[in-house]
Amino acid sequence: MKAVNIFLTIVILGVGFSSCSKDDKDDSSSHQVVLSETQKTHLVNLYEEEKLAHDLYTEFYATHGYTPFSHHIEAEAKHMALVDEVLTLYGISRPTLGFGLFENEGYQKNYNEWLAKGVSDSVHSCYIAAYIEEMDILDLMESIQLAETTEIKDLYETLKSGSENHLRAYNKFLKMEFNIDYTPQLMSQELFDKIISEGGSGHGGGK
């Protein structure tokens, strides 16, 4: 970022005589790109998706005490911070509502419904968590193809990898804790099997 600021200062002072050349355009940082409204909206929604997982996992851990929820609370907080960095980079305001509150009405509805079901049934809490991770993975797979800058694409790739780790963890935990063979709720069995086979610890331990 410091190097970019120096470059811009040089151009403004008139030292860069070929400021209108093709080379100068290529050297410009991608955060100077004007994002489409669709891309901006998706980034804002993505922040709330990560917050949805964070807030639910916090409540589920407080109720059931399962280790995967504990690990993933921290991970989702980091994911929120990563999205916030990109929002800030492009001058986009992020939602600022408190714990358990969402600007997106759909997320608010999901939070309320999933919270009630998850705290009342331990197995259901794990299924809800796995559903959220499947949802995120599918969304990010599509979003990667539509990302408008390198920074945004890198963000999506990072979050997708995180969600895959989490899905593996819940799959493993359901088997270890409840002897349940998890069946994907949103994605194809083929995609699910591929993700599971890629390994990674995923923090699937019990209490």
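Side chains are part of it too, since the values below use all heavy atoms of this structure and drop only hydrogens, waters and symmetry mates.
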Listed partners of [X] passing side chain to side chain contact (heavy atoms under 4.5 Å, CB included), at least two apart:
X: Ser122; answer: His64, Tyr66, Phe178
X: Gln108; answer: Leu101, Phe102, Tyr111, Asn112
X: Val86; answer: Leu43, Tyr90, Ile152, Leu155

**Asked** Charged N to carboxylate O under 4.0 angstrom, Glu105 versus Lys109?
**Response**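 Salt bridge flag = no for Lys109 with Glu105.
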**Asked** Ion pair present between Glu37 and Lys40, side-chain N to carboxylate O less than 4.0 angstrom?
**Response**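 Yes.
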Test item: [X] side-chain N/O and [Y] main-chain N/O as donor-acceptor pair under 3.5 Å:
X: Asp55; Y: Gly100; answer: yes
X: His72; Y: Pro68; answer: yes
X: Glu48; Y: Pro95; answer: no
X: Glu134; Y: Gln185; answer: yes

Assess whether atom [atom1] of [X] is packed by more than 12 heavy atoms of other residues, nucleotides or ligands within 6.0 Å.
X: Glu142; atom1: CD; result: no
X: Lys153; atom1: NZ; result: no
X: Lys175; atom1: NZ; result: yes

[X]: which residues meet the salt bridge (charged side-chain N to carboxylate O under 4.0 Å, His left out) condition with it, sequence neighbours left out?
X: Lys194; answer: Glu198
X: Glu148; answer: none
X: Lys117; answer: none
X: Asp154; answer: none

Starting at [atom1] of [X], measure out to [atom2] of [Y] and round the result to the nearest 0.5 Å.
X: Leu167; Y: Met135; atom1: CG; atom2: CE; value: 12.5 Å
X: Arg94; Y: Asp84; atom1: CZ; atom2: CG; value: 4.5 Å
X: Asn171; Y: Ile180; atom1: CG; atom2: CD1; value: 11.0 Å
X: Glu151; Y: Leu82; atom1: CD; atom2: CG; value: 13.0 Å
X: Glu76; Y: His71; atom1: CD; atom2: NE2; value: 13.5 Å
X: Leu146; Y: Gln39; atom1: CG; atom2: CD; value: 8.0 Å

Once ring-ring contact (aromatic ring centres under 6.0 Å, His included) is applied, do any residues pair with [X], and if so which ones, sequence neighbours excluded?
X: Tyr61; result: none
X: His42; result: Tyr156
X: Phe60; result: Phe69

**Item:** Test side chain to side chain donor-acceptor pair (under 3.5 Å) applied to Glu133 - qualifying residues, sequence neighbours left out
**Value:**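 Listed in chain order: Tyr57, Ser163, His166.
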**Message:** Just to verify, what does Gln145 make a side chain to side chain donor-acceptor pair (under 3.5 Å) with, not counting sequence neighbours?
**Reply:**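 Partners of Gln145 under the side chain to side chain donor-acceptor pair (under 3.5 Å) test: none.
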Using every non-hydrogen atom in the two residues, find where [X] and [Y] come nearest and quote the distance to one decimal.
X: Val44; Y: Ile92; value: CG2-CG2, 3.8 Å
X: Glu49; Y: Asp136; value: OE1-OD1, 3.1 Å
X: Thr58; Y: Ile73; value: CA-CD1, 3.5 Å

**Mutual orientation of the aromatic rings belonging to Tyr127 and Tyr182 [parallel < 30°, tilted 30-60°, perpendicular > 60°]** =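 Tilted, since the angle between the ring planes falls between 30° and 60°.
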